[in-house]
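Some notes on the structure that comes next.
Lettering follows sequence order; numbering is per chain, from 1. Heavy atoms only: backbone and side chains are in, while hydrogens, waters and symmetry mates are out.
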Number of protein chains: 2
Amino acid sequence: MQGKPLRIASVNVNGIRAAYRRGMEQWLEQRDVDILCLQEVRAPDDVVRSLLGQDRHIHHAEAEARGRAGVLIASRQEPTTLRTGVGDSYFDTAGRWVEADFDHHGTSLTVVSAYVHSGEVGTPKQDDKYRFLDALGARLAQLRERGGYAVVTGDLNVGHTTRDIRNWKSNVKKAGFLPEERAYFDRYLSDESGFVDVARSLAGDVDGPYTWWSWRGKAFDNDTGWRIDYQLATTDLAARAVSADVDRATGWDTRFSDHAPLVVDYQI
Amino acid sequence: MQGKPLRIASVNVNGIRAAYRRGMEQWLEQRDVDILCLQEVRAPDDVVRSLLGQDRHIHHAEAEARGRAGVLIASRQEPTTLRTGVGDSYFDTAGRWVEADFDHHGTSLTVVSAYVHSGEVGTPKQDDKYRFLDALGARLAQLRERGGYAVVTGDLNVGHTTRDIRNWKSNVKKAGFLPEERAYFDRYLSDESGFVDVARSLAGDVDGPYTWWSWRGKAFDNDTGWRIDYQLATTDLAARAVSADVDRATGWDTRFSDHAPLVVDYQI
DNA sequence: CATGGTAAG
DNA sequence: CTTATCATG
């Protein structure tokens, strides 16, 4: 008989205070998440802890610039090891990468909450984005070499294929769907890399499911979205994923962020 | 038989866009104001004109810093002369002082819309406030010398006497009720100055009526206010003031700013 | 406690 | 179109 699967949820909350005002707490109560990975927390540590409460272990990396970025991992189980930073010290105070190791019934599981900035073509931000994506790729290789289960969750701010963006044709020259950015994901998800895009793997060759919609106009109502939030799991862990749900309006009627949660159950 | 009195209204709108959102337009439609003096307009000129409409002559001085300060005079009658600035060139781009001259049935009337900054004890802002109050005093003397009716309206950000601030004892060391600031008003309103505080003159020796209440707590409901908005009229004009009303909640149920309008009718 | 601007998304 | 910060009030 198999145990209850491990539920890992990732969501860019776009300001945890605003998300709580919009009903995030109810979502969290109902969804029974084991390991919660948040991006764009955008709040000081004391505020974050008072909102999330006492019953989770919280590993939170704030950005140096107040009110910007910020990632965290909140888990009922206590992690064995915590790390901050993607490996390139340039991003050490950016609030964009945290890792937690867990001992799950004797097997090692590393969980990452990652936030790649959106970038902007023709500005230094885009150079910084490529530098971060370089570091991300290098860290994936290290995690694979290290062995054990690993999953990189978060807002990676790139749509991989034409299935991942509703109006992909009008976005081929925009940050988030540039050929150069998409090529990073080809490499991240190659056989040699050893990582699998869990939501795509389970959904198959379909449009979406999208995880982000602009606040502007009727983008959300029309499902004019982007799939830019991921769970990239090592091959062995991905093989044990039994479901990957994007909690958008249908079934979860509160939209507490411009991103929807990506909730994956792993039978390990 | 006497004609209809001239109605001059002054109000710090604390952002004309927000004031319009909160119902300022309805107040303006109902109050039948001849000369409207606004402070803290805090919007670009084109936005101001689109809100106030086409049926008034608008003399608007923006601050150099966008979204800060800004004063204007809007009148149905066309002014004969417009001036900007209190006389000290240090404040020329501060958006704090505009003047308009009118020919009223053959007599000359100068109207000023003035905005004194709030100041802060122990900072350069307080020195700037005294510098502005110096210039204001000098300009009053010039207006008196010049002859004709004159009235300086606006948010002068100082309470003159203990009647003018609800909790004056707790504010004797705070900007807005410092002895040094109040002494300026003693001079402005001395016999030699030739100017009269119209609202005080008509209300008599009573507490208030206040014109500003903090947004915090229940200051407005409890009428914990300050009387810091004035119409300072030359003696001859003040003698012709027939009413001075502060349009706070009672009777005017929309609070469209943290300041209430001061509406004076002059029988000239 | 509210304003508008700003950078970022 | 929304987030949070900022300076200002």
Check your understanding: Within 45° of the six-membered ring axis of B:W215 and under 6.0 Å from that ring's centre, is NZ or CZ of B:R255 located there?
Key -> yes

Review point. Are A:R187 and A:Y184 in a cation-pi setup, meaning NZ or CZ lies under 6.0 angstrom from the ring centre and within 45 degrees of the ring axis?
Key: yes

Check your understanding: Which is the 5'-most and which the 3'-most nucleotide of DNA chain D that has an atom under 4.0 Å from a heavy atom of chain A?
Key -> D:dC1 to D:dC6

What is the distance, to the nearest angstrom, from the [atom1] atom on [X] to the [atom2] atom on [N]?
| X | N | atom1 | atom2 | result |
| --- | --- | --- | --- | --- |
| B:N12 | C:dG4 | CG | P | 12 Å |
| A:N14 | C:dG9 | CG | P | 11 Å |
| B:K218 | C:dA2 | NZ | C1' | 17 Å |
| B:D258 | C:dT3 | CG | P | 9 Å |
| B:E62 | C:dG5 | CD | C1' | 14 Å |
| A:W215 | C:dG9 | CH2 | C1' | 11 Å |
| A:K129 | C:dA8 | NZ | P | 15 Å |
| A:W226 | C:dG9 | CH2 | P | 14 Å |

Check your understanding: Can you name the residues that form a ring-ring contact (aromatic ring centres under 6.0 Å, His included) with B:Y210, not counting sequence neighbours?
Key ->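 ring-ring contact (aromatic ring centres under 6.0 Å, His included) list for B:Y210, sorted by chain: empty.
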
Check your understanding: Can you find a side chain N or O atom of B:R66 that sits less than 4.0 Å from OP1 or OP2 on C:dT6?
Key -> yes

Check your understanding: Is any side-chain nitrogen or oxygen of B:R21 closer than 4.0 Å to OP1 or OP2 of C:dG4?
Key -> yes

Review point. Where the side chain of B:R22 is defined as all heavy atoms beyond and including C-beta, which of C:dA2, C:dG4, C:dA8 is the nearest nucleotide?
Key: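 Closest of the options to the side chain of B:R22: C:dA2.
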
Exercise for review: Check salt bridge (Lys or Arg N to Asp or Glu O under 4.0 Å) between A:R200 and all other residues, then give those that pass, not counting sequence neighbours.
Suggested key: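 Listed in chain order: A:D164.
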
